[in-house]
Amino acid sequence: MTAAVIDGKAFAATLRARIADLAAAFELQAGRKAGLAVVLVGEDPASQVYVRSKGKSTIEAGMASFEHKLPADTAEADLLALVDRLNADPAVDGILVQLPLPRHIDEQKVIAAINPDKDVDGFHVTNAGRLAVGQPGFVPCTPLGCLMLLKDRLGDLSGLDAVVIGRSNIVGKPMAQLLIGESCTVTVAHSRTRNLADVVRRADIVVAAVGRPEMVKGDWIKPGATVIDVGINRVPGAAEGKTRLVGDVDYASAAAVASAITPVPGGVGPMTIAVLLRNALVAAWRNAGLELPADAI
Ligand code: GUN
């Protein structure tokens, strides 16, 4: 048996089209575009690519994009002052400060300065707390995208055994909270977990978010399980000087056992920006005091 391929790229494109419709409806009702501000400090090449891509997707969705590029030696106080201005700006519904920040800036302090109702990354402790207790807030984009793919594939997740590999604040922990919210039985595994293969073998749902290339092997997967691979790892390619992208899951061996699996690239990756736009649009409707059509996105 070969697993069905979960096409995150196609799902994300459908989601972006729905967002564009709702962004147009928002503009009609609010008399302004929904706005997303993205702040980049320094010149990290990967971050520059992400920020450019976020800006382009925001405009394509019919929303306003505000890009703030600051030099790598920007003082923490100046970044905090910019966040304050964006908090106060009524044209800005969502604020994203691209991570990682240069070492002289305290990331937690910057995240704490963002108005939680504009925190479309869902990184503020207020939003982490809201997620934990089941109140409406913002959920980090990557795990929310993973949940959308899982629900699209499996429907009701209630009672399923889920294993999340990785315990980061950005993916692992919020993923576990979301799956608890769907009434899964959730295990969070990490670098100190004993007998990881045996733990993973119990799972109907495996979410791998460890950042270790092809660590999860096919013989760790329960036959028929659904596998979500969050990893994006660059490894040496077949040809000299070339690289290729692989996930945290050994795709070929896992696809022989699983019932469905996300590829890398083209699985979880494209979902992250689509969910960011979704969060920004939800922020806009809420911040404008308007009613978002029920179950719209
Ligand atoms: N760096 C890598 N991924 C992300 C993300 O989702 N949000 C932010 N703010 N920075 C990132």
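One-based numbering, in listed order, for ligands and for the atoms of each.
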Are more than 12 heavy atoms, taken from residues, nucleotides or ligands other than [X], located less than 6.0 Å from that residue's [atom1] atom?
| X | atom1 | answer |
| --- | --- | --- |
| Arg212 | CZ | no |
| Glu291 | CD | no |
| Lys217 | NZ | yes |

Query raised in the report: Of Leu22, Leu36, Val120, which is the lone residue that meets side chain to side chain contact (heavy atoms under 4.5 Å, CB included) with Leu281?
Result: Leu22

Query raised in the report: Does any non-hydrogen side-chain atom of Pro100 lie less than 4.5 Å from one of Glu107?
Result: yes

Once you restrict to heavy atoms under 4.0 Å, what part of [X] touches ligand 1? Side chain, backbone, both or neither.
| X | result |
| --- | --- |
| Tyr50 | neither |
| Leu276 | neither |
| Leu99 | both |

Query raised in the report: Looking only at heavy atoms, what is the nearest atom pair of Phe66 and Ala91, with distance?
Result: CE1-O, 3.5 Å

Report summary line: atom 7 (N) of ligand 1 sits nearest the protein heavy atom Asp121 OD1, 3.1 Å

Requested in this report: Quick one: look up the protein heavy atom nearest atom 2 (C) of ligand 1 and list residue, atom name and how far away it is.
Outcome: Gln98 NE2, 3.7 Å

Query raised in the report: Do ligand 1 and Thr272 have nitrogen or oxygen atoms that lie under 3.5 Å from each other?
Result: no

Report task. Would you check whether Leu96 has a nitrogen or oxygen atom less than 3.5 angstrom from a nitrogen or oxygen atom of ligand 1? Result -> no

Query raised in the report: For ligand 1, which atoms have a heavy atom of Val97 less than 4.0 angstrom away?
Result: 8 (C), 9 (N)

Query raised in the report: Can you list the atoms of ligand 1 that are under 4.0 Å from a heavy atom of Phe123?
Result: 7 (N), 8 (C), 9 (N)

Query raised in the report: Hey, is the main chain of Asp219 close enough, under 3.5 Å, to the side chain of Arg201 for a donor-acceptor pair?
Result: yes

